[in-house]
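To keep things clear, I will list the structure first and then write my remarks on it.
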Amino acid sequence: MAAKEGLDHLRSILEAEAPHLLEKRAPKKRREGLTELPNAEKGKVVLRFAPNPNGPLSFGHARGLVINSTYREMYEGEFILRFDDTDTKVKPPLLEAYEQIVEEATWLTGRAPDRVVVASDRMEHYYEHAESMLREGFGYVCRCTAEAFKEHRQSKSACPCRDQNSTDNLSLWKAMLKGTYKPGDAVVRVKTEMDLKNPALRDWPALRIQDTKTHPHPRPEVGSTYTVWPLLDFQSAVEDHLQGVTHIVRGKDLMDSTRKQTLLYKHFGWRYPETLYWGRVKVHEWGGFSTSQMRRDVEAGLYDGWSDPRLPTLAALKERGIQPEALQQFWLELGITQKDISVPLSTLYAHNTKAVDNGAPRLSFIRNAAAFHLKGNHPAEVKVPCHPNHEEMGWRTWDLAEGQVWLEADDVVKMDVRLKEFADVELHDNEARITSLERQQEHPVIHWLPASQADEAVLVETKNNEIHRISGKLERHNHPAGTVVQLERIGYARVLDGENLLLCHESASEV
RNA sequence: GCUGGUAUAGUGUAGUGGCCCAUCAUGAAGGACUCUCAUUCCUUCGACCCGGGUUCAAAUCCCGGUACCAGCACCA
C-alpha cells in the first residue's frame with residue numbers, strides 16, 4: 001500500500017484509525033547507576049561484604065565495598081562487614097588488619113558498616129549447625145584422605161563413610177571436637193548426590209580440623225581454642241542465614257559456592273539470598289591483586305609497609321591522594337557485569353582529577369633547579385593566585401628583593417621565556433634579563449621560584465613498580481601533611497611532610 | 001576431562017526484537033579559554049566474536065562454532 005499510495009496516505013489512515021501507533025516511544029535512556037536488585041524491597045535489604053583479614057584491603061576489595069554499600073543506600077538497607085577469618089594456616093588473618101579494614105571501609109564508603117561480624121567469634125553457631133546437620137542425616141563425618149575422596153568424586157562413587165548412621169556420625173563429631181583427629185584425618189561433608197553433573201558440588205566439605213597449636217589464630221581471645229573449623233562455603237552460608245542477608249553480590253569465581261550453599265539451604269529448609277556476580281578485574285599496571293602475595297612481599301621487606309605507593313592497596317591509594325569519590329565513581333562505572341576486564345589506571349586518575357582539582361592549591365616546584373640572577377627593573381614582590389579558578393583561595397606573595405630565581409633544568413635550554421605571572425626574560429650565563437613585565441611575545445610560559453621562597457624538597461614518584469625521588473626547590477607553604485596540591489606544570493601531589501611530596505597520578509609507562 | 005560463565009569502539013560501559021548507520025565515560029587527535037603540559041568547554045575518531053536460522057524487522061531470540069575466564073582445595 002505504501003508503495004502504491006505513498007507513505008503520507010498510510011500515515012493519514014493511521015492517524016484516523018489508530019493514532020497511538022504513530023506516537024514515538026520514549027527513546028531508550030541510559031541506565032543511571034547500578035542495575036536494580038531482584039526481589040528487593042526498600043528498607044528490607046541486607047547486604048554484606050566478607051573479606052579475609054589476612055591483610056589490609058586492596059583496590060579489588062573496593063569493588064565489593066562500593067557496590068554493596070551503594071545498594072545499601074539505594075534500598076535504605078543494612079550493610080554488614082564480615083571477617084571470614086576461619087583459616088589459620090593457608091591464609092592466616094593479620095591481627096592489625098581487623099581494625100584497619102573497618103577504617104578503610106568507612107573511609108571509602110563514607111560511613112561505618114551497620115554491623116561488623118567476626119566469624120571466629122561465632123564458632124558455637126557453626127558447631128550447632130554442623131551437629132544438627134549430622135543429626136538430621138544430611139551430613140557425615142568422612143575419614144577418607146583427600147586423595148581417596150577425590151577418586152570418589154571423579155568416579156561418582158560413595159565413600160564408605162557416607163552410610164554411617166547419625167549416631168555414629170555424632171560420636172565421630174565429638175571425637176573431632178575432642179582432638180582425636182589430626183588435620184586431614186576427618187572432615188564433615190554435606191551430603192549432596194555423588195552423581196551430580198558438576199563435580200565441584202559432590203559431597204562438599206563443610207568443616208575440617210586445623211592444628212591451632214602450631215598455627216594459632218592471631219586473635220588472642222581465639223588462639224588455640226578450636227581445632228575444628230568451618231570452611232568458607234559452610235561458614236558463609238550459615239552466617240548469611242543468621243544475619244538475614246537478602247542479597248549477595250560477589251565475584252563469579254564464587255558461582256559454585258552459591259550452588260553448594262543452595263544445596264545446604266535446601267537441607268535446612270532455608271531460602272537462599274538473591275545473588276549477583278561480577279567478573280574478574282585486572283589493572284593494566286598491576287595485574288591481579290593477591291593479598292597473600294603482597295603480604296609475603298611486605299613481610300620480606302620488598303615494600304615499605306602496606307601503604308607503599310607501589311602497592312595496589314587502599315592504604316597506598318589513600319597515601320597517594322586518591323579520593324574515595326574517585327574510587328566510588330570508578331567501580332560504579334564498571335557496574336556488575338560478569339565480563340572479565342582489564343582497566344587502565346588512567347580512568348581512576350581522571351575521576352580523581354575531577355575530585356581533587358577545585359580544592360588543590362597551586363604550588364611551584366622546580367625540579368633539578370638552576371639558579372639565575374634577575375637583571376633589570378622589577379617590583380619588589382609579585383602576587384600569584386593560589387588557584388586560577390578560585391580567587392577566594394587567596395594569593396601567594398613572592399619577595400623578589402634577593403634577585404635570584406630558580407628555574408627547571410629542562411626549561412633553561414630555551415632562550416626566551418615567560419616567567420609565569422611575572423616577566424618575559426632572556427636567559428644566558430645564569431642571568432635572566434627582563435625584557436618586559438607585560439607579556440609581549442608568545443614565549444613559552446615556565447614556572448619559577450624566587451630563591452627567597454624556596455625550600456629543599458623531594459618529589460616521590462612511582463613508575464613501573466619503582467620509586468623515583470626527584471629533588472628540587474619547593475615553594476614555601478603552610479599546607480598541612482595530607483593536603484593534595486597541584487605542582488604547576490607537573491601534576492597533583494600529596495604533601496607527606498615538610499620535605500616530601502608524593503605524586504598522585506603515576507605517569508603512564510612507556511611500554 | 002567434567003561443570004558453569006562471558007563475548008558491543010584502544011579501554012570500560014548502556015542497550016533484552018523496530019526509536020540503534022548503537023549510549024555514556026575514558027583515550028587519542030584538533031580547537032576555544034587560560035600568564036600551568038592543570039581545570040572548563042567544543043569538534044572529530046572509533047565497536048555489536050564468527051557462521052547459519054527464525055522474523056516484515058536481530059546487538060537483542062534459536063542453533064552451531066571460536067575465544068577468554070572461573071570452579072572441580074581438608075584456601076578465602
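Below, read A as the first sequence line, B as the second, and so on, with proteins coming before strands; counting in each chain starts at 1. The model shown is predicted, which means the values in this text are computed figures rather than measured ones.
Remark: the A/Asp85 side chain and the A/Tyr98 side chain contain an N/O donor-acceptor pair separated by less than 3.5 Å. A/Gln440 and A/Ser436 are linked by a side-chain donor-acceptor pair at a separation below 3.5 angstrom, with hydrogens and angles left out of the test. Remark: the A/Tyr226 side chain and the A/Gln210 side chain contain no N/O donor-acceptor pair separated by less than 3.5 Å. No hydrogens or angles considered: nothing links the side chains of A/Glu325 and A/His351 as a donor-acceptor pair under 3.5 Å.
When both distances must be under 3.5 Å, the Watson-Crick or G-U wobble mate of B/A7 is B/U66. Both distances falling under 3.5 Å, in either a Watson-Crick or a G-U wobble arrangement, place B/U44 opposite B/A28. With a cut-off of 3.5 Å on both Watson-Crick or G-U wobble distances, the partner of B/U16 is given as none. Summarising the base pairing, B/A76 is matched to no nucleotide, lacking a Watson-Crick or G-U wobble pair whose two defining distances lie under 3.5 Å. Pairing of B/C37, defined by two Watson-Crick or G-U wobble distances under 3.5 Å, is not identified with any nucleotide. Base-pair partner of B/C21: not found among the strands shown (Watson-Crick or G-U wobble, both distances under 3.5 Å). Nucleotide B/U60: unpaired (no Watson-Crick or G-U wobble partner with both distances less than 3.5 Å). Applying the Watson-Crick and G-U wobble criteria (two distances, each under 3.5 Å), B/C2 pairs with B/G71.
Spacing of C1' atoms, B/U39 relative to B/A32, comes out at 14 Å, to the nearest Å. Across B/G51 and B/U66, the matching C1' atoms stand 10 Å from one another, rounded to whole Å. Across the P atoms, B/G65 and B/G1 are found 14 Å apart, a figure rounded to whole Å. The same atom, P, is picked in B/A47 and in B/C69; the two are 26 Å apart, to the nearest Å.
Distance A/Asp233 CG to B/C75 C1': 10 Å, rounded to the nearest Å. In this structure, CG of A/Leu207 is placed 15 Å from C1' of B/C75, rounded to the nearest angstrom. In this structure, A/Lys354 places its NZ atom 9 Å from P of B/A25, rounding to the nearest Å. Atom pair A/Leu332:CG and B/A14:C1' shows a separation of 15 Å (rounding to whole Å applied). Taking atom CD1 of residue A/Ile101 and atom P of nucleotide B/A76, one finds them 15 Å apart after rounding to whole Å. Atom OH in A/Tyr349 sits about 19 Å away from atom C1' in B/A28, given to the nearest Å. Following rounding to the nearest Å, A/Trp286 (CH2) and B/U11 (P) show an atom-to-atom distance of 20 Å. Spacing between atom CD1 of A/Ile341 and atom P of B/A47 amounts to 21 Å, rounded to whole angstrom units.
A/Arg82 has no carboxylate O lying under 4.0 Å from a charged side-chain N of A/Glu239, or vice versa, which leaves the two without a salt bridge. For A/Asp203 and A/Arg162, the salt-bridge test passes: some basic side-chain N is under 4.0 Å from an acidic carboxylate O.
A/Ala350 comes within contact range of the sugar-phosphate backbone alone, with a heavy-atom separation under 4.0 Å but no base atom that close. Among the atoms of the strands shown, only primed sugar atoms or phosphate atoms (P, OP1, OP2) are found under 4.0 Å from some heavy atom of A/Asp87. Residue contacts shown for A/Thr353 are limited to sugar-phosphate atoms, with no base heavy atom under 4.0 Å away. Within the nucleic acid shown, A/Ser342 comes within 4.0 Å of sugar-phosphate atoms alone, with no base atom in reach, counting heavy atoms only. Residue contacts shown for A/Gly335 are absent, as no nucleic acid heavy atom lies under 4.0 Å away. Across all strands shown, A/Ser292 has no heavy atoms under 4.0 Å from either base or sugar-phosphate atoms. Residue-level contact check: A/Asn198 touches the bases, meaning some heavy atom is under 4.0 Å from a base atom. Using a 4.0 Å heavy-atom criterion, one finds that A/Leu334 contacts the sugar-phosphate atoms exclusively.
Here ring pair (Phe, Tyr, Trp, His ring centres under 6.0 Å) pairs that include residues 276-295 of chain A, with residues two or more places apart or in two chains, are A/Phe59-A/Trp286, A/Phe59-A/Phe289.
The backbone N or O of A/Trp306 sits less than 3.5 Å from a side-chain atom of A/Thr313, completing a donor-acceptor pair.
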How does each nucleotide of nucleotides 61-67 of chain B score, in 5' to 3' order, for protein heavy atoms under 4.0 Å: base (B), sugar-phosphate only (S), or none (-)?
-> -------
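Neither OP1 nor OP2 of B/A70 sits under 4.0 Å from any side-chain N or O of A/Lys339. Taking only side-chain nitrogens and oxygens, A/Thr337 comes nearer than 4.0 Å to OP1 or OP2 of B/U13. Side-chain N/O atoms of A/Arg208 include one lying less than 4.0 angstrom from OP1 or OP2 on B/C75. Between A/Arg280 and B/A70 there is a side-chain polar atom (N or O) within less than 4.0 angstrom of OP1 or OP2.
No hydrogens or angles were tested; on distance alone, a donor-acceptor pair under 3.5 Å links the side chain of A/Gln486 to the base of B/U36. Not a single donor-acceptor pair, N or O on each side, falls under 3.5 Å between the base of B/U6 and the side chain of A/Asp340.
Residues A/Asp253 and A/Pro230 both approach RNA chain B. Their nearest nucleotides, taken by heavy-atom distance, put A/Asp253 toward the 5′ side.
Paired with A/Pro51 under the rule side-chain contact (heavy atoms from CB on, under 4.5 Å), one option of A/Thr291, A/Leu65, A/Leu81 passes, and it is A/Leu81. The side-chain hydrogen bond (donor to acceptor under 3.5 Å, both in side chains) test with A/Glu475 singles out one residue from A/His447, A/Arg396, A/Arg362, and that residue is A/Arg396.
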Which pairs, protein N/O on one side and nucleotides 31-35 of chain B N/O on the other, fall under 3.5 Å?
{"from": "B/C35", "atom 1": "O2", "to": "A/Arg418", "atom 2": "NE", "distance (Å)": "2.9"}
{"from": "B/C35", "atom 1": "O2", "to": "A/Glu421", "atom 2": "N", "distance (Å)": "2.8"}
{"from": "B/C35", "atom 1": "N3", "to": "A/Arg418", "atom 2": "NE", "distance (Å)": "3.1"}
{"from": "B/C35", "atom 1": "N3", "to": "A/Arg418", "atom 2": "NH2", "distance (Å)": "2.3"}
{"from": "B/C35", "atom 1": "N3", "to": "A/Glu421", "atom 2": "N", "distance (Å)": "3.4"}
{"from": "B/C35", "atom 1": "N4", "to": "A/Arg418", "atom 2": "NH2", "distance (Å)": "2.5"}

Please step through ring-ring contact (aromatic ring centres under 6.0 Å, His included) for the pair A/Trp406 and A/Phe372, ending with a clear verdict.
-> CA-CA 6 Å; A/Trp406 293 109; A/Phe372 279 76; 9.6 Å; no
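In the displayed structure, A/Lys174 atom NZ is contacted under 6.0 Å by more than 12 heavy atoms of other residues, nucleotides or ligands. Residue-environment remark: CD (A/Glu193) stays at or below the threshold of 12 foreign heavy atoms within 6.0 Å.
RNA chain B lies under 4.0 Å from at least one heavy atom of each of the following residues of residues 355-367 of chain A: A/Asp357, A/Arg362. A heavy atom lying under 4.0 Å from RNA chain B marks the following residues of residues 254-266 of chain A, by number: A/Leu254, A/Met255, A/Asp256, A/Arg259.
Of all heavy-atom pairs between A/Lys197 and A/Arg202, the closest is O-NH2, 3.4 Å. Taking both residues in full, the closest heavy atoms of A/Val484 and A/Pro361 are given as O-CD, 3.5 Å, listed atom of the first, atom of the second, then distance.
Figure legend: cation-pi geometry between A/Arg189 and A/Phe149, with NZ or CZ positioned under 6.0 Å from the six-membered ring centre and within 45° of its axis.
In this view, A/His215 and A/Thr88, A/Lys89 satisfy the side chain to side chain contact (heavy atoms under 4.5 Å, CB included) rule, not counting sequence neighbours.
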